[in-house]
Each structure stands twice: as structure tokens, then as C-alpha cells.
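So you know, we letter chains A, B, ... as the sequences are listed, proteins then strands, and number each from 1. Note that the structure is a prediction, hence the values are computed from the model and not measured.
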Amino acid sequence: MTDKKQVVTRFAPSPTGYLHIGGGRTALFSWLYARRNNGKFLLRIEDTDRERSTDAAIEAIFEGLRWLGLEWDGEVTYQFARQARHREVAEELLRQGKAYYCYTSPQELEEMREKAKAEGRPIRYDGRWRDRDPSEAPEGVKPVIRFKSPNEGETIVRDHVMGDVRFANEQLDDLIIVRSDGTPTYNLSVVVDDHDMGVTHIIRGDDHLTNAGRQSQIYAAMGWDVPEFAHVPLIHGPDGAKLSKRHGALGVDAYRDMGYLPEAMRNYLARLGWSHGDDEIFSTEQAIGWFDLDHIGRSPSRFDFAKLENLNGHYIREKDDTALADETIELMQRLGHWADGGNFGTEFRAKLIAAMSGIKERAKTLLDIGKGAEFLRAKRPLALDANAAKLLDADARALLARLTPTLEAVAGWAAGDIEAAVRNFAEAENLKLGKVAQPLRAAATGSSVSPPIFDVLATLGREESLGRIRDQAA
RNA sequence: GUCCCCAUCGUCUAGUGGCCCAGGACGUCGCCCUCUCACGGCGAAAACAGGGGUUCGACUCCCCUUGGGGAUACCA
């Protein structure tokens, strides 16, 4: 017990679609656990289903992990490429009498299931070839190889999340480890790969919990050490049903496109199903320092956008203005929202950065920042939204006309200069500041909502500001 | 059908027999701040699924019921 092996975790997605949020979280947990223990975090692509695996999906998985900031160690392992090794193990099992050829046809299997179902008996293979002599093999039938699993006793999966899970061995039938076409199946491949890769801790979705029992038996048959297991409950949708593609399960790329920050995603995902006391907001470094398997919850959780948004808003407010500006421009352009030929030159970027502290204060996502920055891109004469139009009634326009000379006379154009002038004006007119500020805001931004109006005017610049105000004055 | 897992506010969760007539966070609702909206501050409503045990004492341990979820493939 003294020579503790280095911790090795892995993330093993099958490339049949984008990297969904549940996968992202398991990857995060595995990554955190490896980093926490100065171990390695490996990536294995389970591409043995040749029909459904695609290169695009593999790329999406890489992209998703990179965006989440989950760098894996070493080379990526492709399971399909290791077929020969998997078959080798199957043959070893065969040699040791721990596996056997089974000539049962799919039709027979089907009948077996029908019958079992009709009689209300458990649906599983009856082991008809388990002890039969190979000489009885029918002509021309390509056999599968089945694992000879113990019939008596029980298999215990010691799970860090679920505790000890016991399976009666009679429940576990002899599973196929090599198909009739000679290709190995999942349960064999995972065991061989995890063993060969030196994986010490398997952290994965709890839909694999029953597999863990079967896999434990294979480890035992080969005389290999069984790794530590941690089966994490799945994430459900807002309606409580399993988060699936039909249920609006989204790829991590979708979250990026919605303007969420990776640091916020990491924080949110870490907190979803895992806890460190009452801590809600913590950095990735803290998560690495704190992460453990014992505080992963056992019950499934639901994905809550409202909380993610709140967290994202927090990280946006914390983030550097320049970085935020650049990321927003990148996102808006990639999404085609700002592809209208509007200026994205250094001038716009500078204005965006200057206005950022005010804009990010009221943004929950990068998309919100984009929206909040519209007033910087707007061209005269400004289009007014409904609220702004309502604000700019005849009285307000007259007020702006009276205000204009005051503004023209402002010496500097810093927010403080403008504010002082406007406050004096309001006082002279015997008006509350709001009565002047709102029409001003409507004229300057075309909206009833914006960052503090004097900041807005300052970043807009003297000429542009006065122009916009004159446009609405009457 | 069979097997396995789960069950605290609407949601994420703290809680590992007495510190809990249950704490935090998001959301919701008030109030304050205020040039709008936000941010921020203060406050409120809001939960131990039900029933049996065990115990001097159960949110915490055991059993049952109910309700969710997962697995039962020559998919992974």
C-alpha cells in the first residue's frame, strides 16, 4: 500500500456526435481528479462502431475539450486501432477456458428472448454452448466468442460514488466479447484498453454501472487489477427526463455560441453533482485543490440555465475589458451577427473597450455584450426602439433642443464634464435629472436602456453625440 | 418482466445520530441605492416523498411503498 501508483484517469467518448454537456462534465471530473493528484488525464476515442463514428465528431470532441480548457496528456488512443490486441486477449481467455465459441444464431437468440419474456423470466443467454464440445459445431456458422462468467456467487463493484454495488452472478449472462465477424465488442475493448493504458480511476456516467460488474469479471479472469470506479449520475434536462438530443441536449459548442465563458462552464459543471461545502464560486485552481470523489452526489441533477447565466455574469464582470471585447467581436463575427460590414477596425475596438466596463455590468453572456454594444455601431440617424420612441415625445424633443447649446458649450468631453453641465441644466429647468437623462439616452442610443448616459456620450465622442442629439431635437 | 441506482426548498446543494423547528447559492417577491437597466446591499416566502422500525434521540441507520433514472444488443 505504500507504493501508491500514479493516478491515471481517462475520458473515453464514442465519436458518434458532438461532445454533449454530460460528457463534458465527466471529462471535467476526470481531469480535475488527475490534476488534483498530479496524475495523468488520458483521452481515448471509442471508434469501434464503424457505422456511427465520424471524423467530424472526433474533431468536435477535441474542440469541445480544448474550449473547456481540459487538456489531455499524451497521445490520443483510438480504440479501433487496437483491435488486434483485443482479439489477442480474447484468444488468451479461450486458451484458459475462460471463454468459448458460441454458435447460436441471431434467430435462436431472438426466440430465446421471446420465450423468456413470455414466461416472465429474465432475458439472457442460456449458456447452451458454454460446455459443449466444439466438435458439435454446426457447419458454416461463424461463431462469436463468449466470456464464461461465473454462475454462482456475486460480483461486487466497489464504487466511490455509489458505494458497494452487488450483482448476483446468475444475473450476468455470458456476454459476447468477439463478434462473428471477428471484431471485439465494447466490454472487452474497454477492459483491455483501460488496463493497457494503466488507468487507475475510471470516472464515467452511471449508465455504465452494470457494465462495471461484467468488466470486473473480465479483469479477474485475466488476473488484472480492477481499477477504482466512480460512476457519476447523469444530468437531466429541465423536465427531469434524461438529457438527450431530442431533449435539447446541447453540444459544448452550443454553449460557446450562446456566449458562455469556459471558466463559468467549468465552475457551473463542477458544482453540478459535486460540492465543497457551501462554496459556489471558485476558480479552476481551487477546484483542482479541492476535488474529490467522495463529494460527488449520488442523485441525478438537472441542468439549470438560470444559474449558469448568473455565474457567467459574474465571470464576465470579473474579466478583463480588452479580452472581453476581442472575444465578443470574434463571436459576433463568427455567428454572422456583425457581418453587416459594420466597422470592426481599431476604432470600433477601442470604443468597445472604453465602454466595456459599463456594458459588461449588465451582461450575462457575450451575446448580451454584443447587444449592449449596438449603440456604438449604430449609424445616424438612429433607429429608435419602441421605448425610446415613446420617451422622445414632443416635450422631450423640445427639451433636447434647449439642452443642445449647453452641451455644445461643454469645454472638455469627459463624462464628468458632461454630467456637470447636464445637472446644471436640469436644476435650471427645475427638473429631476432623470427627466433629462432618459430623453438623452434615447437620442444617443436609440434605446431606453444603456450604460450610464454620460459615459455613453463620452465614449461616443463630442461630434457623434451632438449629432445624434440634434437628430432628435425639435 | 428482471437487475441496479437514486429520493432535502422550483433548481443546484450543505448535512454522515443530538450543533437542524434544516444552512448556502440560483430563481422568485419586497425594500434600499439610482439618469434607465444592471450591479450591489438588506429582507421574505420556499424542502427532509409516505409508512413502518432501530435508538434516550433520527434529514442522517434498516425495511416496505411510491416516484424517478439506468441497464438488460453480435452499440458504445
Exercise. What pair of heavy atoms forms the shortest contact from A/Val410 to A/Ile418, and how long is it?
Worked result: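 Here A/Val410 and A/Ile418 meet closest at CG1-N, 4.4 Å.
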Exercise. Is a donor-acceptor pair below 3.5 Å formed from side chain A/Asp278 to base B/G23, judging by atom type as modelled?
Worked result: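 Answer yes: a donor N or O sits under 3.5 Å from an acceptor.
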So [X], base contact, sugar-phosphate only, or nothing? Heavy-atom distance under 4.0 Å.
X	value
A/His208	base
A/Leu209	sugar-phosphate
A/Val165	sugar-phosphate
A/Asp173	nothing
A/Ile123	base
A/Pro13	nothing
A/Thr48	sugar-phosphate
A/Glu419	nothing
A/Ser301	sugar-phosphate
A/Gly273	sugar-phosphate
A/Arg423	sugar-phosphate
A/Arg166	sugar-phosphate
A/Thr104	base

Exercise. What does nucleotides 36-49 of chain B look like as a protein-contact string, B for base, S for sugar-phosphate only, - for none, at under 4.0 angstrom between heavy atoms?
Worked result: BBBSS---------
For this session: Kindly state whether the ring of A/Tyr255 and the ring of A/Phe303 have centres lying under 6.0 angstrom apart.
Result: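 Under 6.0 Å, so yes.
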Taking the side chain of [X] as its heavy atoms from C-beta onward, which of [options] lies nearest to it?
X	options	value
A/Asp304	B/C74, B/C5, B/C26	B/C26
A/Gln171	B/C12, B/U2, B/G70	B/U2
A/Arg302	B/G27, B/A73, B/U11	B/U11
A/His236	B/G15, B/A76, B/G69	B/G69

Problem set entry | Nearest-angstrom distance from the residue atom NZ of A/Lys115 to P of B/G1 |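 It works out to 21 Å between those atoms.
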Problem set entry | Spacing between A/Phe454 atom CZ and B/U34 atom C1', to the nearest angstrom |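 After rounding, the gap between these two atoms is 12 Å.
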Problem set entry | Positive for side-chain contact (heavy atoms from CB on, under 4.5 Å) with A/Arg298, one of A/Val161, A/Asp206, A/Val232 |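 Single side-chain contact (heavy atoms from CB on, under 4.5 Å) partner of A/Arg298 among A/Val161, A/Asp206, A/Val232: A/Val161.
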Problem set entry | First encountered from the 5' end of RNA chain B, between A/Phe167 and A/Lys435 |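 Counting from the 5' end, the first nearest nucleotide belongs to A/Phe167.
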For this session: Take A/Asp173 and A/Arg214, measure what salt bridge (Lys or Arg N to Asp or Glu O under 4.0 Å) needs, and give me the verdict at the end.
Result: CA-CA 9 Å; A/Asp173 61 0; A/Arg214 296 174 174 286; 3.0 Å; yes
Problem set entry | A/Phe80 six-ring face occupied by A/Arg50 cation (under 6.0 Å, within 45°) |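 Verdict for A/Phe80: a cation-pi partner in A/Arg50.
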For this session: Please say whether the positively charged group of A/Arg146, taken as NZ for Lys or CZ for Arg, lies over the ring of A/Tyr125, i.e. under 6.0 angstrom from the six-membered ring centre and within 45 degrees of the axis.
Result: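 Pair A/Arg146/A/Tyr125 counts as cation-pi.
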Problem set entry | Phosphate-side-chain proximity, A/Ser180 and B/C74, N/O vs OP1/OP2 below 4.0 Å |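 No, A/Ser180 has no side-chain N/O under 4.0 Å of OP1/OP2 on B/C74.
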Exercise. Between A/Arg113 and B/G1, does any side-chain N or O lie under 4.0 Å from OP1 or OP2?
Worked result: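 So the side-chain polar atoms of A/Arg113 never come under 4.0 Å of the phosphate oxygens OP1 or OP2 of B/G1.
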Problem set entry | Distance-only donor-acceptor check, side chains A/Asp181 and A/Thr183, under 3.5 Å |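 Yes, because at least one side-chain N or O of A/Asp181 sits under 3.5 Å from a partner of the opposite role on A/Thr183.
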Exercise. Run the side chain to side chain contact (heavy atoms under 4.5 Å, CB included) check on A/Met356 and A/Ile369 step by step: do they pass?
Worked result: CA-CA 8 Å; A/Met356 190 54 79; A/Ile369 291 180; 3.8 Å; yes
